[in-house]
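In listed order, ligands and their atoms are each counted from 1.
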Amino acid sequence: MVGSPRLITVSNRLPVTVTSTREGFVLHQSAGGLATGMRGPHEQLEGIWIGWPGDVSRIEASRRGELTAALAQRSLVPVMMSRDEQQVFYEDISNAVLWPICHDRLDQLPLHVEGWDVYERINRRYADAVVERYRPGDLIWVHDYQLFRLPALLRERLPHARIGFFLHVPFPNPEIFFALPTRRWLVEGVMGADVVGFHTRRWRGHFTAVLRRLFRLEMDADSTVAWQGRRVALGIFPMGVDAAELSRRAGAQEVSAARLELHAGISKLLVGIDRLDYSKGIPRRLLSFERLLRLHPEWRERVTLIQVAVPSRGNVNAYRKARSEVDALVGRINGDLSTPTWSPIRYLYRSVPQTTLLALYRAADVMLVTPVRDGMNLVCKEFVASRVDEDGVLVLSEFAGAADELTDALLVNPYDVDEVADVVHQALTMAGAERRRHMRALRSQVITHDVHLWAERFIAALQDQHAAAPRREKVSEN
Ligand code: ADP
Ligand code: F6P
């Protein structure tokens, strides 16, 4: 984009992750909504992206320069962590404390939490990387809960910079957030930004409730809050997907061929695609499918569920437990209900190439997206964008941020195993005209509210907020 400001994207994970091999290393695409979603805006705005390339501890020190050069070719800047730092920053604090808090799982908290000093240290390392590359006029866009402290650390060192922060996960209810001894310090970190973005009105509502209770601050009618001589805008920006690109790729010949292969010998296909995370509701989804097969035996040997679970955060205990639970349920249900010629569940615990992902979206008679808590969920939007045939039914959890927008999906309470089974039956028996009516409405929403619009709206808000700053600096301090 000629004349556009340069964008510095900062997120914990880069859009590519490195794996060490005998020859050195390979780079592969990172899974996760943030990595997939920001790829387009990063390329369009010709910016740089600062983040962690994954565990480099097994890559020889002599090859690290090669890694940095390979990343630089894609305008990516690595922030390295030692194995010990990764354990405390990424596993213990980010994913064993902040992730469960943001997903309403107080029960997952360890009894004693240690490591906030390391969380701060790594956030400072990200700040160093940004400051080193910052040029006046750049826009800095910080992403997600791993970097809650970063906006304030940047504000100290770049007082006039344009800094945005976007939260990709839910912001929890204050009753849950207040369990964190560091609650004040984390919110102070976020408030270093000029614009703080959330996917939904509900997550922003939780955040304003926290501001009220911790600092006695109210959000004004223009959605800004006075903070240390500045105004901080709190915006709602529901993230989308690259719908045009997905539609184009999903229509490709190789995807159509892979779709036909998936359907061979199966009359009806249910599909689930998730990172293996306890927030995604996979065990209850499996139980709902079992319930369907028991209530409606006529579906046996006619319906198959393909569940892809992308390995995630395997060093965190709760994720190991989630994996064992899913393994055990798949084994039991298949053991109980399989026949010599059919198994109800095909379970893939691995990452799949994009052609397979798109073929699965295209092949699904019913897509099951049933998280028990999800900030947004992009898988459901990718499914809709891929359905160039305007067919297929989306069963979507009301606990996903996406449910606020995708009201033409069949919305379910993922905790209600019986209800989900009934709705899946309804989806499987829905008439073609009805399916297409729902899918057309879903597509119109997903196509008009894509990831580019999301990024443009956030960036425009950041530019506006900053342009208004001199006038607003007169507003009284808190
Ligand atoms: P989360 O960010 O919690 O993982 P989302 O549903 O928002 O959940 O995003 C998941 C993203 O991960 C989607 O963009 C999806 O395409 C991507 N993804 C899923 N499976 C794979 C895979 N095998 N390889 C790469 N990306 C994947
Ligand atoms: O979208 C939420 C998120 O936590 C992102 O921040 C992250 O990139 C993604 O899920 C995947 O998680 P991880 O980076 O821990 O593999």
Inset, instruction - Using ring pair (Phe, Tyr, Trp, His ring centres under 6.0 Å) as the criterion, point out the one residue from Phe207, Trp203, Phe458 that pairs with Phe198. - result: Phe207
Can [X] and [Y] be counted as having a side-chain donor-acceptor contact under 3.5 angstrom?
X	Y	value
Arg275	Ser312	yes
Asn317	Gln108	no
Ser30	Arg13	no
Tyr126	Asn12	yes
Asp194	Gln465	no

Inset, instruction - Please confirm whether the backbone N or O of Phe178 pairs with a side-chain atom of Arg183, one donor and one acceptor, at under 3.5 Å? - result: yes
Can you tell me the protein heavy atom closest to [atom] and the distance?
atom	result
atom 24 (N) of ligand 1	Ser351 OG, 3.4 Å
atom 12 (O) of ligand 1	Gly32 N, 3.0 Å
atom 5 (P) of ligand 1	Leu378 N, 3.6 Å
atom 8 (O) of ligand 2	Leu34 CB, 4.0 Å
atom 18 (N) of ligand 1	Ala31 CB, 4.2 Å
atom 14 (O) of ligand 1	Glu382 OE2, 2.4 Å
atom 6 (O) of ligand 2	Asp144 OD2, 2.5 Å
atom 2 (O) of ligand 1	Gly33 N, 2.7 Å

Legend entry - N/O separation below 3.5 Å, Val352 to ligand 1: yes
Legend entry - Trp99 N/O to ligand 1 N/O under 3.5 Å: no
Inset, instruction - Please verify whether a non-hydrogen atom of Gln29 lies at under 4.0 Å from ligand 1. - result: no
Quick one: which ligand 1 atoms are inside 4.0 Å of a heavy atom on [X]?
X	value
Arg275	1 (P), 3 (O), 4 (O)
Val379	6 (O)
Asn377	6 (O), 7 (O)
Leu357	16 (O), 20 (N)
Val310	20 (N), 21 (C), 23 (N)
Lys280	1 (P), 3 (O), 8 (O)

Inset, instruction - Examine the proximity of ligand 1 to Val241 and report which part, side chain or backbone, both or neither, has a heavy atom under 4.0 Å away. - result: neither
Legend entry - Residue portion contacting ligand 1 (non-hydrogen atoms closer than 4.0 Å) for Met376: neither
Inset, instruction - Determine whether more than 12 heavy atoms belonging to other residues, nucleotides or ligands lie under 6.0 Å from atom CZ of Arg201. - result: no
Ligand-side contact atoms (ligand 2) for residue partner [X], heavy atom cut-off under 4.0 Å:
X	value
Tyr90	13 (P), 15 (O), 16 (O)
Tyr145	4 (O)
Arg13	13 (P), 14 (O), 16 (O)

What about the rings of [X] and [Y], do their centers lie closer together than 6.0 Å?
X	Y	answer
Tyr145	His168	no
Trp99	Tyr319	no
Phe399	Tyr415	yes

[Y] side chain reached by [X] side chain, heavy atoms, under 4.5 Å:
X	Y	answer
Phe89	Ser94	yes
Leu14	Trp49	yes
Arg155	Met191	no

Legend entry - Option passing salt bridge (Lys or Arg N to Asp or Glu O under 4.0 Å) with Asp391 (candidates Arg259, Arg362, Arg435): Arg435
Inset, instruction - Pick, from Ile273, Leu34, Asp277, Thr17, the option with the minimum heavy-atom distance to atom 19 (C) of ligand 1. - result: Ile273
Legend entry - Identity of the nearest option to atom 10 (O) of ligand 2, non-hydrogen atoms only, from Arg313, Met38, Met239, Gln146: Arg313
Inset, instruction - State whether the shortest distance between N or O atoms of His168 and N or O atoms of ligand 2 falls below 3.5 angstrom. - result: no
Inset, instruction - State if Arg275 counts as touching ligand 2 under the rule of any non-hydrogen atom under 4.0 Å. - result: yes
Legend entry - Non-hydrogen atom of Met376 closer than 4.0 Å to ligand 2: no
